[in-house]
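Along the sequence shown, residues are numbered consecutively beginning with 1. The shown structure was predicted, so the numbers you read here are calculated from the model rather than taken from an experiment. Counting starts at 1 for both ligands and their atoms, in listed order.
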Amino acid sequence: MKIKFLDLGMQPIANNFLLPSEIKDEFKFHLTVTFDTNTKLVSLGEFVPPARMFNDTYTYHSSGSNTMTNHFRDTAKILKTKFNPETVLEIGSNDGVFIKNFDSNSVVAVEPCGNFANITNALGYKTLEEFWTLPVAKQIVKENGSRDLIYAANCMCHIQNLSEAFSAIETCLSDNGVFVFEDPSLLQMLDRGSYDQIYDEHAHVFSITALKHLLANNGLQVFNVEKLSVHGGSNRVYACKTGTRDIDASVRNSLSEEDAVGIYNVDTYHNFAKRVEQSKHQLLCLLLELKRRNFKIISYGATSKSTTVFNYCGIDDSLIDYIIDTTPSKQGKLSPGMHIPVVCREGNLSRVDYAFLGAWNYEEEICNKENDFLKTGRFITHVPYVRLI
Ligand code: DWN
């Protein structure tokens with residue numbers, strides 16, 4: 001049974017940055033979150049049609065930070081060393097930040113956003129401009145053979161039909177192959193109160209508990225779990241065809257930790273929802289007080305996460321003057337839903353008193369490079385609670 005435990009109101013497409021002329025037709029949907037008492041899966045109450053989110057105008061570049069560029073370089077090295085794959089598939093290859101670490105002859109990629117599929121095809125990596133489905137998996141096996149390594153970063157939780165997605169993995173994986181995927185951790189979200197991990201693209205927020213059963217139902221088993229700090233706290237899950245590898249203690253430890261936190265208990269989610277409401281109240285009180293005292297407040301990082309926060313809290317340009325972001329395709333446009341101007345960083349961080357940290361998952365990288373701003377200004381974040389950095 002699916003129990004709705006959180007209502008984040010009417011929300012836009014989190015990465016749909018707009019020109020002024022596009023505001024009148026902006027798509028919105030009711031963002032609610034459910035807990036399935038049978039599968040233990042946390043999912044959106046209403047899915048958004050994938051083509052509305054993932055298309056030729058998709059704006060998010062996986063290489064948009066040093067943190068993630070280094071993360072994918074290091075991950076590629078780890079997986080090469082551990083598994084020495086002869087054949088590789090990446091699902092959700094974006095701008096090629098991960099697969100560029102592999103020989104193009106060994107790689108097939110799947111990327112539904114044509115603007116990014118064009119980038120990796122131009123780099124010599126065979127990229128299918130497709131959503132990940134069972135027919136696509138069968139096409140890859142037929143044309144290129146099964147895969148020793150299948151990798152997906154911040155992608156599987158975006159796929160609405162997980163049963164088909166994991167069945168397609170099993171179809172495409174070689175007999176001794178490994179499927180490695182990383183997505184935001186439900187446990188970390190519950191612990192950090194980071195409700196902004198929830199938006200249109202994130203159809204699900206994964207627990208190891210839910211994933212174990214989902215994969216088992218599709219001929220796969222989880223054999224290792226690593227906790228990652230990236231993207232606000234993620235899990236890197238290692239899976240294989242059932243019975244082909246020993247199961248590491250990290251799986252049992254993850255399941256026990258989730259049980260201890262109450263991942264099975266509906267009250268856990270209702271308590272989370274209360275914390276979210278408190279976070280909204282505290283953030284609004286802080287911003288309104290700073291504005292009353294005529295401080296200049298901006299936002300740093302035009303993230304999907306901050307789209308959720310601003311639209312849930314009703315934060316517009318009466319509180320946030322503008323958002324600075326390094327992504328050229330976001331600059332000069334208006335943020336989804338609340339229509340706050342997005343501008344480049346250069347020249348727009350001076351004489352600022354406070355900056356909401358929309359990209360709080362890069363706190364270390366950003367604070368290290370914004371020493372001058374921090375001499376007089378302060379960052380604001382809501383994670384794990386509303387505070388000044
Ligand atoms: O799952 C997803 C994650 C991986 O990325 C996607 N569905 C959508 C997207 O979510 P996000 O927009 O919340 O991700 P980020 O990586 O937190 O976005 C960072 C944004 O901040 C980018 O637009 C780049 C920008 N940025 C910046 O302006 N200055 C980032 C850094 C590090 C900076 O110094």
- Item | Under 4.0 Å to a heavy atom of N15 - the qualifying atoms of ligand 1, by number | 8 (C)
- Do E289 and R292 sit within salt-bridge range, that is, some charged N less than 4.0 Å from a carboxylate O? yes
- Query: Can a non-hydrogen atom of H61 be found less than 4.0 Å from any atom of ligand 1?
  - Reply: no
- Message: Side chain, backbone, both or neither: which applies to I366 and ligand 1 if a contact is any heavy-atom pair less than 4.0 Å apart?
- Response: side chain
- Task: Please identify which atoms of ligand 1 are closer than 4.0 Å to at least one heavy atom of Y362.
- Result: 15 (P), 16 (O), 17 (O), 19 (C), 32 (C)
- Are F17 and ligand 1 in contact, using a heavy-atom cut-off of under 4.0 Å? no
- N/O donor-acceptor pair under 3.5 Å between T307 side chain and P336 backbone: no
- Message: Test of understanding: given a 4.0 Å heavy-atom threshold, classify the contact between E201 and ligand 1 as side chain, backbone, both, or neither.
- Response: side chain
- Query: Using 4.0 Å as the upper bound for N to carboxylate O, is an ion pair formed by K28 and D200?
  - Reply: no
- Under 4.0 angstrom from ligand 1, any heavy atom of R345? no
- Using a 4.0 Å heavy-atom threshold (strictly under), name the region of N66 that reaches ligand 1: side chain, backbone, both or neither. neither
- Message: Could you tell me if D7 and H30 have a donor-acceptor pair between their side chains, going purely by distance under 3.5 Å?
- Response: yes
- Compute the minimum heavy-atom distance from D183 to ligand 1 and say whether it is under 4.0 Å. no
- Task: Could you name the option among S304, G301, S329, S306 that has the heavy atom nearest to atom 11 (P) of ligand 1?
- Result: S304
- Atom pair OH/CG of Y312 and L283 - distance to nearest 0.5 Å: 11.0 Å
- Region of T67 that comes within reach of ligand 1 [heavy atoms, distance under 4.0 Å]: neither
- Touching ligand 1 at all, M68? Heavy atoms, strictly under 4.0 Å? no
- Any N or O of E365 closer than 3.5 Å to N or O of ligand 1: no
- With the threshold set at 4.0 Å, does a side-chain nitrogen-carboxylate oxygen contact exist between K77 and D74? no
- Nearest option to atom 23 (O) of ligand 1, as decided by whichever heavy atom of H158, E182, K330 sits closest: K330
- Any idea which protein heavy atom is nearest atom 26 (N) of ligand 1, and the distance to it? T326 OG1, 3.7 Å
- Message: Closer than 4.0 angstrom, basic N to acidic O: yes or no for D353 and R378?
- Response: no
- Message: Minimum distance, heavy atoms only, to atom 15 (P) of ligand 1: which one of Y199, Y300, Y58, Y60 is it?
- Response: Y60
- Message: Checking the side chain of Q221 only, and the main-chain atoms of R245 only, is there a donor and an acceptor separated by less than 3.5 Å?
- Response: yes
- Query: Is the backbone of G96 close enough, under 3.5 Å, to the side chain of E90 for a donor and an acceptor to pair up by distance?
  - Reply: no
- Item | Residue portion contacting ligand 1 (non-hydrogen atoms closer than 4.0 Å) for D325 | both
- Which of parallel (below 30°), tilted (30 to 60°) and perpendicular (above 60°) describes F181 and F206? perpendicular
